[in-house]
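Data block below; observations after.
Atoms considered below: every heavy atom in the structure, side chains included; atoms not considered: hydrogens, waters and symmetry mates. Sequence positions, counted from 1, serve as the residue numbers for this chain.
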Amino acid sequence: MPSSLPPSYSNKCDRRPQNRQGLRRQRPRSQAKHGSSLKPQLSYVRLLLILVFFVCIGVGLGVQLYRLQILQGTKLLGMAQQRQLEVLRRVTPRRQVIDRSNNVLAIDRPVSTLYAHPQLFKESPLEIASKLSSVLNRPAVEFVNQFSLRPTGIKIAPVVEEEIADKISKLRLSGIELSDRRYTRFYPQQDLVGDIVGYVNLDRSGQAGVEYSQQKRLERPLESVKINRRGDGALLSNRLPSGFLHVDDLRLQLTIDTRLQRASRLRLKEQLQKFGAKRGSAIVMDAKDGAILTMVSYPSYDPNIYYKSDVKLFKNWALSDLYEPGSTFKPINVAIALESGLIQPTSVFGDPDVIKVGGWPIRNAERENRYSLSVAGILQYSSNVGMVQIMQRMKPVEYYKWLEKLGLNKPVGIDLPFEAVGQIKDRKQFINYPIESATTSFGQGFSLTPIKLVQLHAALANGGKLVTPHVVRGLVDAKGQSHWQATLPPPQQIFSPKTTQQVVTMMEKVVKEGTGKAAQIPGYRLGGKTGTAQKASPMGGYSSAAKITSFVSIFPIEAPRYVVLVVVDEPKGIAFGSTTAAPVVKSIIESLIAIERLPPSQPIVAKASPSPQVSRD
């Protein structure tokens, strides 16, 4: 039966797809049967893929965690701690150096550097220059000239002391900058003790004097501490250990007496200028223990401005340069002869004008009508001929052993750097050539340092012991309590007390009646010996124009304690040890008497001033 509905209505009600002939397509039965089971299969695949994906991610994360925590854990932990911890090192000033009376010789002080940035000035350059001038005590025009150099970064003053820096800060000048404060070494005594104290370089490392030899004592320990940082990088101050900012008050104390040093230097300088000498040295030592009270070298240098000085001045020539001692060595030779039993104090020797040794003529410094002299007289008149005869009684091999025993070819071991070692002739040459022992008898043909000669004469003063010269006493705190003392080698006995007493008594006659009269001090007993020696020429032999003069003294005679030596290098004019060095020694001993408050040992008798005389030695 044909449908009574219109075709359009029929299409709307039946929306199944039709084929090209307009017939409805029939779904295969197999597809209709299994279509509902395909969707679960697709969902299962998707889940499986997602699961595999997350498993891969998990495995990857696990591998990464294993690598970070196990394989690289130690390294990463260190890196983390390095970022979280801050290592702080305490900035500690170098220890002070003081003399035996606690006068400051070297100290660290905080300073800043002053910079100018003219492009930031809010006032005129002249106004700023005027304000700086009142604080820095420099003409304002100097600052104005500096301001014109460039628009910024002009170094106005490289070193500004803390007090001055505070005054500049209070001015609140725009365009004026003070760098962060740092420590710099300051030497308040300037060139007075430059040879002893030395200096430090820009790296704060000692380069000379005790600044060099006592570097470890002067540097405080550089303690460091690790503290945590917060997340914003700020330091956790509550982690700072107590006492970290504390600095000990220990100071390096020397045996030097600044008062005596100043008096000695002034008198030596005057004498050097008077005789037009090249240089000079003065040493005062306590013979009991080797403590150096004074060691002056002139010319010297100011360690505050060491960079402006001649580098040759950085070495203290009293212990770094060698010279032939001349007649100041004669008392040592007399002690050798007495100790060996070859002579007695009453022994008498002929004193001709000339004596020949191995074909070489040896003469006295001046001709005198003296036919014979005692041992004391040989020292008193400084007879070269007499000394040759004394030492001819000793076999050269034994004499050489004595020179080695005295340590002429060894350092004295002073606690200052750059000490030179004395030179003596080769053993074979000394023994086989009689002229060698002959010249050695009056102090020529070998060389030593001034400090070595002082050590040898100290042995005459202290009963025959070789003590070690030194300038360092130890480390003391602000209350004067000792925290460390220098350890010195034990004294070495080389002469008997009887021998040294005999020689010291003879040396007193040198001052009373001989070549050392210029050193006499009324009321006080002192011994001494003059010396005038030719200087070796670079061309060989000795120079006829250059000589070195000296005077060594032992004081006081009744209780010998101090040894004073003055050496004058290349004086001009009528220059001998008696005229150049002896007056300086007298002045130094007078200062020593005043400082130590030493009473006179005998009544002071006023005497008429003697007529000027020149004593050769």
query = Is there a salt bridge (charged side-chain N to carboxylate O under 4.0 Å, His left out) between E596 and R100 once you walk through the steps?
reply = CA-CA 13 Å; E596 298 292 337; R100 67 171 186 166; 2.5 Å; yes
Charged N to carboxylate O under 4.0 angstrom, [X] versus [Y]?
{"X": "D191", "Y": "R265", "result": "yes"}
{"X": "D321", "Y": "R279", "result": "yes"}
{"X": "K517", "Y": "E513", "result": "no"}
{"X": "D257", "Y": "R259", "result": "yes"}

key: Over 12 foreign heavy atoms within 6.0 Å of NZ, K535   =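 Counting neighbours around NZ of K535, more than 12 heavy atoms of other residues, nucleotides or ligands fall under 6.0 Å, so yes.
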key: NZ (K425) with more than 12 external heavy atoms under 6.0 Å   =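 Yes - once you tally the heavy atoms of other residues, nucleotides and ligands closer than 6.0 Å, there are more than 12.
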query = Do the side-chain N and O atoms of T449 and K452 include a donor-acceptor pair separated by under 3.5 angstrom?
reply =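 Per modelled atom types, T449 and K452 side chains form no pair under 3.5 Å.
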request  = For the pair N201 (side chain) and R204 (backbone), establish whether a donor and an acceptor sit closer than 3.5 Å, ignoring hydrogens and angles.
outcome  = yes
key: Ring-face cation of K315 near F418 (centre distance under 6.0 Å, axis angle within 45°)   = yes
ask   = Does F551 have K586 sitting over its ring (NZ/CZ under 6.0 Å from centre, angle to axis within 45°)?
value = no
Audit row: Y199, Y212, ring pair (Phe, Tyr, Trp, His ring centres under 6.0 Å) steps and yes/no = CA-CA 8 Å; Y199 69 96; Y212 178 86; 9.8 Å; no
Centre-to-centre under 6.0 Å for [X] and [Y], is that the case here?
{"X": "F314", "Y": "Y301", "value": "yes"}
{"X": "F495", "Y": "W402", "value": "yes"}
{"X": "F442", "Y": "F329", "value": "no"}

Side chains of residues 463-475: which donor-acceptor pairs under 3.5 Å do they make with residues two or more places apart or in other chains?
{"unit_1": "H470", "atom_1": "ND1", "unit_2": "G290", "atom_2": "O", "d": "3.4"}
{"unit_1": "H470", "atom_1": "ND1", "unit_2": "T468", "atom_2": "O", "d": "3.1"}

task = List the steps and the verdict of side-chain contact (heavy atoms from CB on, under 4.5 Å) for Y323 and L448.
result = CA-CA 6 Å; Y323 80 111; L448 44 67; 3.9 Å; yes
